[in-house]
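Below is one structure, written out as structure tokens, with a few remarks after it.
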Amino acid sequence: MSANHKLEQLDFAVIGHQESWNDIKAFINGMRSDDVGDLSLEQVKNTFGYIPPRSVFKMKVRSKTDALIHGVYIETFIEPDKLGMQHLRTNITKVNEAIAVAQSLNAKIIALGGFTSIVLEGNLSTFNTTETKITTGNSLTAAYILKGIEKASKKFNVDLKSSNVLIIGATGDIGMACTNYLKGSVKNFLLCARNKRRLEKFSNEISEGGCSVSYDTDLSRLLPQADIIISAASSNDIAIEHYKKPVIICDAGYPKNLELKIAKTEGISLFHGGMGHIGYGYDFNPDYTKHFYRYPLPHIGHGCVLEAVVLAFENKFENYSNGKGNISNLKIDDIYAMSIKHGLELAPFYNSKGLWT
Ligand SMILES: NC(=O)c1ccc[n+]([C@@H]2O[C@H](COP(=O)([O-])OP(=O)(O)OC[C@H]3O[C@@H](n4cnc5c(N)ncnc54)[C@H](OP(=O)(O)O)[C@@H]3O)[C@@H](O)[C@H]2O)c1
């Protein structure tokens, strides 16, 4: 390569991780050639975590404007049962290694998919000096959550202005963005998170702005009042019991196990939120989708990933969503408008049982 020949640039890179060992087993065996045979779950578990982050497949995404962008998926090989605080150091190392892979591939922007943005607490300032920009994707995720709530409320004739809206994970990046956006549009906020000091501080800020707010670290005290619930917390310990009927629930948290904790679903309309639909489609090469794609319709993707896609379509290479608590209403409106321009719309309503009928 001559000195002035620059490596060709990729428009975007997506950094991600798998949600469960069953997904991983299917994914790993799907990547292996037929003649070497499948690995057992135990063999997969014994090796997966030792694989360094690497690019796994290429992507091409099409826009309504006819633009075509090129990207890559980089797997972190973070183990699904090692997402807790005790593994933070290892996971930060993996995410940083994955970012280095994206930089070596000359990606113009990186989407930090799923848990990978939480590992870094959205703090991307150390990467600001590089040519590769990074986004947590939380602005478009919040936009799809909010549009979903708006659309579901209309569908069930629920007036937002007369509703008590419960935000689980209210002090997180997405929870704060949704709460701030809904200020003035709902009757009362019910805010929930585990850390009382942070919850109290945020709730006071919201009520000082003239909104009615109740907050509690104990979800069971808020649930009986909620007409609408946005769950934007990683939901291992969240149980939906003794809730008001009917209730609309937008489950945007990961891992996706909120539905497992709902004993009776009577009166609940639950959808998986923060998801978009890529209207003009994509191609993966190699195409492993049959091994890991779990949605009820083709071309559905996470808001956090689609934000980088939209920014790449727009040639807007910047750390669009960065840090915690920095998502303004304007950012949400702007990224949503850009998303629509390129044919990326709110995903149809679905949950673990399939599409809403
Ligand atoms: N659908 C999508 O495309 C998409 C995109 C990005 C992120 N996500 C998911 O959205 C969720 C929120 O992301 P984020 O970036 O906002 O995360 P974050 O900044 O870490 O916020 C998480 C929030 O949840 C609270 N929380 C955690 N466990 C809780 C529990 N058991 N009960 C009540 N509150 C709890 C946290 O506060 P305390 O620690 O004080 O409890 C915090 O307020 C994550 O699960 C993430 O994986 C989805």
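As the structure is a computational prediction, the values presented were derived from the model and not from experiment. Note that ligands are numbered from 1 as they come in the structure, with each ligand's atoms numbered from 1 the same way.
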Short N-O contact, K256 and E19, less than 4.0 angstrom: no
Could you check whether atom CD of E42 has more than 12 heavy atoms from other residues, nucleotides or ligands sitting under 6.0 Å from it? no
Where does I145 meet ligand 1, judged by heavy-atom distances below 4.0 Å: at the side chain, the backbone, both, or neither? neither
With heavy atoms only and a cut-off of under 4.0 Å, state how H272 meets ligand 1: side chain, backbone, both or neither. neither
Less than 4.0 angstrom from a charged side-chain N to a carboxylate O is my criterion; do K331 and D334 meet it? no
Atoms in ligand 1 with a heavy atom of S234 nearer than 4.0 Å: 28 (N), 44 (C), 45 (O)
For ligand 1, which atoms sit closer than 4.0 Å to a heavy atom of A232? 11 (C), 12 (C), 22 (C), 23 (C), 24 (O)
Within a distance under 4.0 Å of any heavy atom of T171, pick out the atoms of ligand 1 and give their elements. 37 (O), 42 (C), 43 (O)
K261 and E259 ion-paired at < 4.0 Å: no
Do N22 and K25 have a side chain donor and acceptor closer than 3.5 Å? no
Backbone or side chain, does any N or O of G172 fall under 3.5 Å from an N or O of ligand 1? yes
Which of the numbered atoms in ligand 1 are under 4.0 angstrom from any heavy atom belonging to A252? 1 (N), 8 (N), 9 (C), 10 (O), 48 (C)
With nothing but distance in play, are any N or O atoms of I168 less than 3.5 Å from an N or O of ligand 1? no
salt_bridge(K147, E345) N-O dist < 4.0 Å: no
Does even one non-hydrogen atom of G303 get within less than 4.0 Å of ligand 1? yes
Which of the listed options, G175, G113, G169, holds the heavy atom that is closest to atom 24 (O) of ligand 1? G169
Here the atoms of ligand 1 under 4.0 Å from any heavy atom belonging to N138 are 6 (C), 15 (O)
D173/K324 salt bridge by N-O under 4.0 Å criterion: no
Using a 4.0 Å cut-off to any heavy atom of K324, which atoms of ligand 1 qualify? 18 (P), 19 (O), 20 (O)
Do D333 and Y181 have side-chain N/O donor and acceptor atoms under 3.5 Å apart? yes
Short N/O distance, under 3.5 Å, between H302 and ligand 1? no
Do any nitrogen or oxygen atoms of G274 lie less than 3.5 angstrom from nitrogen or oxygen atoms of ligand 1? yes
Examine D237 against ligand 1 and note whether any of their N/O atoms are separated by less than 3.5 Å. no
So that I can tick it off, tell me whether D159 and K187 are bridged by a salt bridge, with the cut-off set at under 4.0 angstrom between side-chain N and carboxylate O. no
Shortest reach to atom 27 (C) of ligand 1 by a heavy atom, considering only E19, R194, M176, R197: R194
Strictly below 4.0 Å, N to O, side chains only: are K244 and D227 in salt-bridge contact? yes
Numbered in order shown, the ligand 1 atoms found under 4.0 Å of a heavy atom of G273 are 1 (N)
Please determine whether the number of non-hydrogen atoms from other residues, nucleotides or ligands lying under 6.0 Å from atom CG of D218 exceeds 12. yes
